[in-house]
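Below is one structure; the comments refer to it alone.
Atoms considered below: every heavy atom in the structure, side chains included; atoms not considered: hydrogens, waters and symmetry mates. Since the structure is predicted, the reported quantities are computational estimates derived from the model, not experimental observations. Here, residue 1 is the first one in the sequence, and each next residue gets the next number.
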Amino acid sequence: MHGLSRLSNGVSSLSPPSSPRHRGSRGKTTSSPTTGGCGGGAGSFRVSGGGGGGGVGRAEFKNVVEKFGYFLISAMYRRRGVLLFAPLLYISGMLMYMGIFGFDAVNNISSGAGDVVGPGSVYRSPQVFEKLWPFMEAENRSSNTLMNVWNPKLRQGWKPCIKQSVIQSGLSGFPKSNGFLIIEANGGLNQQRLSICDAVAVAGLLNATLVIPIFHLNSVWQDSSKFGDIFDEEFFIYALRNHVNVIRELPEDILQQFDNNISNIVNLRVKAWSSPTYYLEKVLPKLVELKAVRIAPFSNRLAHAVPAYVQGLRCLCNFEALRFSEPIRMLAAKMVDRMVKNSSKSGANMCLYISDSKRIWLHFRAAYTMVVKKKSVRWILFVKEVGEENFGEEVGMMLRGMGFDNTTSLYVAAGKIYRVEKHMAPLKQMFPGLETKETLASPEELAPFMGHSSRLAALDYTVCLHSEVFVTTQGGNFPHFLVGHRRYFYEGHAKTIKPDKRKLAQLFDKPSIRWQDFKRQLQDMLRHNDVKGSELRKPSNSLYMYPMPDCMCRKSDARIEYSKHYENYLV
């Protein structure tokens, strides 16, 4: 027996989108003869001159490696026991295929004196910085770039709004609940956010009563915070009251049916990116039959492509119902005010997001060098040559080249930074107004949050959300949600800088580059970011990053505007 869902019976079957896979095309690598070049041995970075014998040998070996890899993968599928060794085999195969042992020739650019290397293989940023630093100093306090960064003609005039179908559904009242939905969110702050919003959408779809989500103690984040420690629980329930019924815990009579133990409630193993049709056909009958079901873990368990009403619930949850708990909001508001005060002289207030692990540098540099060199990345050489260098040098040069001078107030959003003094020194040199949580808030103010990584991340999130410019050096859930939230705030424009990693690899590999050429290319990159700032969501994209047009509408078409969102987020 099926219960009543919040959708009509005519819902079309929606298939979950395939997981995004980036398959680089196997481009042909051509090598040009070099004068005086010596024959390339296994570990040589030089391209052999003229003759193709060495190249043929490498190509033959490469074919052998490919065939061997194919054989191993085929064997794994035939004998499932071998799957236990799949990760090791995969890593080994990738290392061999990427040329760790020197079997591939790299894409070539000349660096003078007959030295031919791939872009990024040799760390030349210090040389570039040494040459360009006098020009950066000469342009200090030269202009307020922020006034000219965003082209007003590109602003689309969007307003936050919730689709009319969601509003009408709320006004018509709830049918009788089909049962209680319990989900367990895993991961860090924004992974939890994703799970919560999708849970609200599923609860609305199934006409289920949602129990406040349970948070797993993640082995990486090691944060024991509960929902109410991070988010405003009372406000969450209130904001959803007309659309999804939310309760703090299961009623006593339901809990008694399961011997007062939530673990006894059946856990439905739902596949990633499951369609609404799957939930209606597989989950709803179990919900009606058992009166309560669990889905754990619950991360990426709902497809991007869903009906407008379900999409509207995602919008409502993410942008309106989920605000941080009062202690987080109070301190975050103080930090935002201090950043605004610091930037009052220059008018530029910027947030830079970086990873917080020992591999912060590799995340930034290796990623864009991999784009340039593709399958010929030499990972071992990479770790040895650039793994310990300062990432701040390149990030700082990028921003200075874009036109942000030394009066810019720069907030760095990160956890514990590896070798912080060394890594941050070049950035501090270029941006003396650099701030972090530890400098913007006192030790006494931060004390209640220490040891709780998600709460600390919430402080970073809020400061970045309200900064005038957001810069991200990498992907991940933090910038994913933040870029979308900033689009929601700034009339559809993210005001975000996401570097072109391919161009950066080439720029930082040219010690002879002139300052004017350096600036011109980076300012072109900035203009490109401006154009990309107001993208509309494509069917395969997430509305958490692209809220238009699902969560926003043109100013002329806006029917319901949540104008109090700005105040609610910090009050």
Please answer whether the main-chain N or O of Leu440 pairs with a side-chain N or O of Arg338 as donor and acceptor at a distance below 3.5 Å. yes
Is the side chain of Arg487 donor-acceptor paired with the backbone N or O of Met548 at a distance under 3.5 Å, no angle test? no
Can you check whether Lys503's main-chain N or O pairs, donor with acceptor, with Asp500's side chain at less than 3.5 Å? yes
Under 6.0 Å between ring centres, would you say that holds for His304 and Trp273? yes
Quick one: pull up CG in Leu410 and CG in Leu352 and give me the separation to the nearest 0.5 Å. 5.5 Å
Rounded at 0.5 Å granularity, tell me how far CD1 in Ile328 sits from CD1 in Ile230. 6.5 Å
Beyond-backbone contact of Leu189 with Phe231, side-chain heavy atoms, under 4.5 angstrom: yes
Got a donor-acceptor contact below 3.5 angstrom from the Arg400 side chain to the Met136 backbone? yes
Flag the pair Lys131 / Pro511 as yes when at least one side-chain heavy-atom distance between them is below 4.5 Å, and no otherwise. no
Are Met430 and Leu399 close enough that some pair of their side-chain heavy atoms sits under 4.5 Å apart? no
Yes or no on side-chain contact (heavy atoms from CB on, under 4.5 Å) for Leu427 and Val412, after CA distance, side-chain angles and deciding distance? CA-CA 10 Å; Leu427 198 56; Val412 177; 4.2 Å; yes
Start with the C-alpha distance between Leu482 and Tyr353, add both sets of side-chain angles, then the distance that settles side-chain contact (heavy atoms from CB on, under 4.5 Å), and finish with yes or no. CA-CA 10 Å; Leu482 199 52; Tyr353 168 67; over 6 Å; no
Is the backbone N or O of Leu465 less than 3.5 Å from a side-chain atom of Arg486, with the two atoms forming a donor-acceptor pair by type? yes
Distance check, rounded to the nearest 0.5 Å: Leu194 atom CG versus Ser542 atom OG? 7.0 Å
Residue pair Asn318 / Leu543, side-chain heavy-atom distance below 4.5 Å: no
Between Arg314 and Gln311, do the side chains contain an N or O donor and an N or O acceptor separated by less than 3.5 Å? yes
Interatomic spacing from CD in Gln429 to CG in Leu434 - rounded to 0.5 Å: 12.5 Å
Any donor-acceptor N/O pair, Asp223 side chain to Ser454 backbone, under 3.5 Å: yes
If I compare all heavy atoms of Phe319 with all of Cys551, which pair ends up nearest, and what's the gap? CE1-SG, 3.6 Å
Which atom of Tyr544 lies closest to which atom of Cys197, heavy atoms considered: OH-CB, 3.2 Å
Asp405 versus Phe431, closest heavy-atom pair with distance: O-CE2, 3.5 Å
Main-chain N/O of Ala414 paired to Lys437 side chain as donor or acceptor, under 3.5 Å: yes
Given the side-chain rings of His485 and Phe481, with only the six-membered ring counted for Trp, is the space between their centroids under 6.0 Å? no
side-chain contact (heavy atoms from CB on, under 4.5 Å) evaluation trace for Met525 with Leu504: CA-CA 10 Å; Met525 190 186 300; Leu504 286 178; 4.0 Å; yes
Side chains of Arg554 and Lys159: does their closest heavy-atom pair fall under 4.5 Å? no
Classify the side-chain pair Ser125/Glu393 by whether it contains a donor and acceptor separated by less than 3.5 Å. no
Is it true that the side chains of Tyr411 and Asp460 contain a donor and an acceptor less than 3.5 Å apart? yes
Is the shortest side-chain heavy-atom distance between Asp517 and Arg520 below 4.5 Å? yes
Distance-only side-chain donor-acceptor flag, Tyr490 / Glu468, under 3.5 Å: no
Relative to each other, are the rings of Phe135 and Trp515 parallel, tilted or perpendicular (30° and 60° limits)? parallel
Short question: side chain of Asn529, backbone of Lys498 - any donor-acceptor pair under 3.5 Å? yes
Looking at every non-hydrogen atom in both residues, tell me the closest pair between Ile513 and Val128 and how far apart they are. CG2-CG1, 4.3 Å
Establish, from distance only, whether the side-chain atoms of Glu435 and Asn342 form a donor-acceptor pair under 3.5 Å. yes
Once you round to the nearest 0.5 Å, how far does NZ of Lys495 lie from OG of Ser534? 12.0 Å
Expected output: side-chain Asp530 to main-chain Leu526 donor-acceptor under 3.5 Å: no
So do Cys351 and Cys464 have their SG atoms closer than 2.5 Å? yes
Measuring from Leu322:CG to Gln192:CD, what's the distance to the nearest 0.5 Å? 10.5 Å
Before giving the answer on side-chain contact (heavy atoms from CB on, under 4.5 Å), spell out for Lys334 and Asp337 the whole-Å C-alpha distance, their side-chain angles and the decisive distance to 0.1 Å. CA-CA 5 Å; Lys334 293 178 183 178; Asp337 287 343; 5.7 Å; no
When you compare the side chain of Lys555 with that of Glu491, does any pair of heavy atoms fall below 4.5 Å? yes
Write down the atom of Leu331, the atom of Glu445, and the distance for their closest heavy-atom approach. CD2-O, 3.6 Å
Using a strict cut-off of less than 4.0 Å between a Lys/Arg side-chain nitrogen and an Asp/Glu carboxylate oxygen, indicate whether Asp524 and Arg527 qualify as a salt bridge. yes
On a heavy-atom basis, the closest approach of Val336 and Val463 is CG2-CA, 4.0 Å
If we only count heavy atoms from C-beta on, is the Phe404 to Val471 side-chain gap below 4.5 Å? no
Looking only at atom types and distance, does a side-chain atom of Arg124 sit under 3.5 Å from a main-chain N or O of Phe508, one as donor and one as acceptor? no
